[in-house]
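Read the structure below first, then the notes.
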Amino acid sequence: MDGTWTPGPEHSPRASRALQKLVEQDPAFGALSLWCRHRDGAPEPAVLFQREADRWTATSVVREVAPAWTDGTTVFYGAQFADWTLEEQVAVCAHELLHVALRHVPRARALTERLGPVFRADLYNVATDAIINQTLLAAGFQLPRPCIFLCELLRDISQEAVPPQEALGKWDAEMLYARLLSRAETDPAPVAAFLASHATLRDLALEGAAGRADAQEEVEWQGRLDRALTLGRAAGRGLGTLGLKLADLPRSRTPWEVIIRRAVAKAVAGAPRPDWSRPARRWLGCHEEARLTGAPDVPYEPRLAALMDRKRVAVGVDVSGSISTPLLRRFAGEIAAIGKRTGAELHVLVFDTAVRSHRRLTGVDFMAEVLALDFARGGGTNFVEVVDSAAALDPSIIVVLTDLYGGFGAAPNGIPVVWCVPEDGGHPEPAPFGRTLRL
């Protein structure tokens with residue numbers, strides 16, 4: 001890295017000076033910039049919604065997505081980019097490069113695939129911007145104001161006073177998005193007030209083909225980011241010298257829904273069992289050969305028959321008040337999916353200190369049955385009765401959605417237990433028995 005940067009024929013003339021300054025100022029970002037395309041953005045068609053009296057009107061306009069934005073591989077610089085000072089332009093370039101390096105666009109598309117229409121791109125963009133801006137602030141960049149910082153967001157939304165390094169080491173984009181979504185649904189006023197008083201670039205272009213990013217591409221970007229930070233440390237300046245532990249670094253993420261489905265499918269799979277009333281075909285052949293040749297007969301071997309009885313899954317749902325409404329809705333969807341895909345008999349036990357309701361789902365319409373359950377909220381938590389009641393059903397597996405704050409009894413004999421615990425707000429220690437899965 002010789003401290004110079006020359007735009008190619010398709011590179012952004014608007015950002016060339018800022019990118020050259022960024023390379024000189026921070027070698028880590030200089031290395032990352034080589035893996036991105038940089039283009040001047042052009043105004044695009046959009047629909048502007050405005051409320052007039054008691055109705056909404058839609059107006060077609062042509063405008064830029066933002067002063068700067070990215071689609072995950074290319075960084076675009078709009079006409080408003082020139083309105084910032086050079087120092088602010090440098091910080092915005094670094095901001096967009098981190099969006100690309102941290103794989104925020106592919107991760108957002110993966111969330112869209114998982115959550116469907118309930119996914120809120122605006123809240124996800126706020127979460128990613130807050131993490132990136134806090135990182136750049138620690139690295140000494142001069143960001144355009146006003147903008148969103150992670151520590152301010154946690155303070156205003158959740159009344160948490162957390163030091164910057166601790167916050168950056170704990171929160172990743174998905175976790176922070178889940179917190180914002182939960183707060184926006186349960187108490188929308190603080191979130192709306194914060195968004196109204198803090199500008200954000202809204203700079204993730206999520207349109208286009210949805211789906212998870214290629215696993216090889218994720219590994220490559222993780223290596224690029226590691227090498228860039230190493231380069232910064234060797235140069236003794238910039239982001240690489242901070243020694244920050246970033247929870248939002250790209251890594252392999254297996255969705256919790258997939259893990260639950262695998263565990264339940266394994267538990268309810270029909271394992272073959274011996275049918276002693278019918279001999280195995282192999283034994284018949286060996287027996288007949290022994291009879292014809294006079295050789296010693298082989299021991300009797302039964303035929304293996306598929307296990308035909310219907311499996312049961314017991315699902316405990318903690319409604320003590322600490323489980324957020326969005327998470328409860330997502331978990332309800334997973335309950336329905338488990339029943340539909342496995343064909344197992346589902347028993348849902350709603351509990352806090354005791355089991356408040358127990359219902360066996362018929363399987364006619366799993367989602368409708370789950371949503372019809374009474375999830376009244378409030379109270380403490382105790383797991384003794386719900387685990388004992390679930391074990392009494394002789395299920396293949398017990399799945400419990402809880403924050404894990406409560407009293408435990410003995411483990412059920414021979415029955416696997418999966419504890420599904422929110423990563424944000426759940427007890428930090430695993431359950432004394434079974435498998436603890438962080439959502």
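With His38 contributing its side chain and Ser33 its backbone, the two residues share a donor-acceptor pair below 3.5 Å. Checking side-chain atoms of Asp248 against main-chain N and O of Ala173 turns up a donor-acceptor pair under 3.5 Å.
Centroid-to-centroid, the aromatic rings of Tyr77 and Trp84 stay 6.0 Å apart or farther. For Phe141 and Phe29, the ring centers are positioned less than 6.0 Å apart.
Between the side chains of Thr73 and Asp71, at least one donor N or O lies within less than 3.5 Å of an accepting N or O. Remark: the Thr353 side chain and the Asn382 side chain contain no N/O donor-acceptor pair separated by less than 3.5 Å. Neither side chain, Asn125 nor His104, offers a donor N or O lying under 3.5 Å from an acceptor on the other. Under the 3.5 Å distance criterion, with hydrogens and angles disregarded, no donor-acceptor pair is assigned to the side chains of Arg227 and Thr230. No hydrogens or angles considered: nothing links the side chains of Ser396 and Arg312 as a donor-acceptor pair under 3.5 Å.
Closest approach of Ser389 and Leu349 over heavy atoms only: CB-CD2, 3.7 Å.
With rounding to the nearest 0.5 angstrom, the CZ atom of Phe149 is 11.5 Å from the CZ atom of Arg155.
Ion pair Glu220/Arg103 not flagged as a salt bridge, since none of the NZ, NE, NH1 or NH2 atoms sits closer than 4.0 Å to an Asp/Glu carboxylate oxygen.
Here Arg120 pairs with Asp122 under the side chain to side chain donor-acceptor pair (under 3.5 Å) rule; sequence neighbours left out.
Using a 30° and 60° split on the angle between ring planes, Trp419 and Phe433 fall in the perpendicular class, above 60°.
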